[in-house]
Number of protein chains: 2
Amino acid sequence: MNFDALSPEQIDRLRDKLRASGLRSTRPRLALAHLLFGAGNRHVTAESLHEEARKVGLGVSQATIYNTLNQFLSAGLLSEVIVDPARSYFDTNVTEHHHFFIENETRLIDIPLNEVVLSTVPDAPEGYDLAGVDVVIRLDRR
Amino acid sequence: MNFDALSPEQIDRLRDKLRASGLRSTRPRLALAHLLFGAGNRHVTAESLHEEARKVGLGVSQATIYNTLNQFLSAGLLSEVIVDPARSYFDTNVTEHHHFFIENETRLIDIPLNEVVLSTVPDAPEGYDLAGVDVVIRLDRR
DNA sequence: TTCCACTTTAGAACTATTCTAATATACTTG
DNA sequence: CAAGTATATTAGAATAGTTCTAAAGTGGAA
Ligand SMILES: [Mn+2]
Ligand SMILES: [Mn+2]
Ligand SMILES: [Zn+2]
Ligand SMILES: [Zn+2]
């Protein structure tokens with residue numbers, strides 16, 4: 001990981017983000033936070049993030065990838081998208097939104113909340129509270 | 001499995017269902033088909049169906065449970081519901097519909113298609129075809 | 001600088017699912 | 001209805017994503 005490419009301001013912003021979540025700002029966490037939050041919204045799997053880390057020369061174990069993703073998830077820095085029975089997707093977009101999922105490319109695309117209008121939704125059954133509404137639009141390459 | 005409880009007509013209907021899908025009507029398949037399709041729409045996991053089979057005295061291996069569920073899925077007799085990263089759910093309702101999912105009870109409830117109205121949905125990106133729209137409403141016990 | 005709580009890690013463990021290849025059964029054909 | 005053959009079932013091994021363990025390393029408070 002080339003930390004020279006990061007301005008001190010960027011590093012500080014990431015440090016603060018970790019601190020605010022009660023996480024020490026260690027080298028692996030800073031580097032992964034930079035990959036995840038450094039540019040726009042992203043969807044990653046543990047495997048894809050590990051591969052990406054390897055490519056930028058960051059020697060980080062698989063266990064750290066999983067630990068970090070789960071810690072960021074618990075801290076609310078990431079959300080989880082359940083679309084694929086074979087693996088977990090983590091999402092840097094933690095606001096409410098929906099997804100296109102391209103099955104054969106194992107790729108997710110965000111759909112902004114306002115682009116899906118649910119004009120009718122059933123009431124939650126008695127005794128249950130609404131925890132969230134997920135809309136997944138599955139796509140095939142033509 | 002007590003096949004005496006099944007009328008010859010019921011057995012014939014299940015046999016035909018298997019045949020129409022190119023599957024031989026074997027004892028395990030007939031018994032599982034009876035459990036799955038014998039009464040209303042159901043959502044099962046491999047584990048829950050195995051347990052249910054055991055309870056009715058049907059000695060069937062885990063491999064047969066998985067084989068049968070996957071064959072029924074391929075044949076279009078079942079659909080799959082992806083809501084839980086930890087296990088697969090199979091659904092005897094193969095018409096288009098949506099779901100409530102109660103996370104802590106690992107339980108699914110059908111939502112008829114007309115009870116969810118998507119008045120606005122984004123177009124599929126260029127080069128992709130729509131394969132399906134899944135709406136999952138996640139619930140917590142109050 | 002010291003110290004300790006927290007972090008990272010290699011590798012083992014775990015769990016849902018699939019695979020293998022041997023045995024058993026259903027259906028076809030004579 | 002008796003073989004014969006394709007298909008089905010099964011125990012157990014294998015696989016893959018993820019989590020756990022416990023030992024070595026590090027961040028930051030003081
Ligand atoms: Mn987790
Ligand atoms: Mn499958
Ligand atoms: Zn997203
Ligand atoms: Zn259903």
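By convention in this document, chain letters (A, B, ...) are assigned in the order of the sequence lines, proteins followed by strands, and residues within each chain are numbered from 1. The basis for the numbers below is simple: all heavy atoms, side chains too, and nothing from hydrogens, waters or symmetry mates.
- Closest to the side chain of A/Arg24, from the set D/dT26, D/dT18, D/dT10, is D/dT26.
- Between A/Ser25 and C/dT7 there is no side-chain polar atom (N or O) within less than 4.0 angstrom of OP1 or OP2.
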Pair B/Lys55, B/Glu52 - check salt bridge (Lys or Arg N to Asp or Glu O under 4.0 Å), show working.
CA-CA 5 Å; B/Lys55 277 184 184 150; B/Glu52 199 176 332; over 6 Å; no
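- For the pair A/Phe90 CZ and D/dG17 C1', the computed distance is 11 Å after rounding to whole Å.
- In this structure, A/Asn67 does not reach the D/dT19 phosphate: none of its side-chain N or O atoms is under 4.0 Å from OP1 or OP2.
- Heavy-atom distances to DNA chain C give each of B/Arg19 and B/Thr45 a nearest nucleotide, and the one nearer the 5′ end belongs to B/Thr45.
- Between A/Ala63 and A/Glu47, the one whose closest nucleotide on DNA chain D sits nearer the 5' end is A/Glu47.
- Look at A/Tyr66 and you won't find any side-chain N or O under 4.0 angstrom from OP1 or OP2 of D/dT19.
- Listed candidates were C/dT17, C/dC19, C/dT9. Nearest to the side chain of A/Val60 is C/dT9.
- Here A/Leu30 contributes atom CG and A/Arg24 contributes atom CZ; the two are 13.5 Å apart, rounded to the nearest 0.5 Å.
- For B/Arg19 and B/Asp16, the salt-bridge test fails: no basic side-chain N is under 4.0 Å from an acidic carboxylate O.
- Going from atom CD of A/Glu80 over to atom C1' of D/dG17 covers 13 Å, rounded to whole Å.
- Straight-line distance from the CD atom of B/Gln71 to the C1' atom of D/dT10: 13 Å, rounded to whole Å.
- Remark: A/Arg29 is in phosphate contact with C/dT7, judged by side-chain N or O atoms under 4.0 Å from OP1 or OP2.
- With hydrogens and angles ignored, the 3.5 Å screen pairs a side-chain donor or acceptor of B/Arg42 with a backbone N or O of B/Leu35.
- OP1 and OP2 of D/dT18 both lie 4.0 Å or more from every side-chain N or O belonging to A/Asn70.
- Between the CG atom of B/Leu73 and the P atom of C/dT18 there is a distance of 10 Å, given to the nearest Å.
- Distance, B/Asp84 CG to C/dT15 P: 15 Å, rounded to whole Å.
- Checking the phosphate oxygens (OP1, OP2) of C/dT8, no side-chain nitrogen or oxygen of A/Thr64 falls inside 4.0 Å.
- OP1 or OP2 of D/dT9 has not a single side-chain nitrogen or oxygen of B/Arg27 nearer than 4.0 Å.
- One can place CD1 of A/Ile65 at 17 Å from C1' of D/dC20, the figure rounded to the nearest angstrom.
- Using modelled atom types and a 3.5 Å distance limit, the side chains of A/Asp110 and A/His99 yield a donor-acceptor pair.
- Nucleotide C/dA26 holds its C1' atom 12 Å from the CG atom of B/Leu30, rounded to whole Å.
- A close approach under 4.0 Å does not occur between any side-chain nitrogen or oxygen of B/Thr26 and OP1 or OP2 of D/dT7.
- Here the side chains of B/Leu139 and B/Glu105 are not in contact, with every heavy-atom distance at 4.5 Å or above.
- The distance between atom NE2 of A/His50 and atom C1' of C/dT9, rounded to the nearest whole Å, is 11 Å.
- Of the residues near DNA chain C, B/Leu23 and B/Arg87, the one whose nearest nucleotide (by heavy atom distance) lies more toward the 5' end is B/Arg87.
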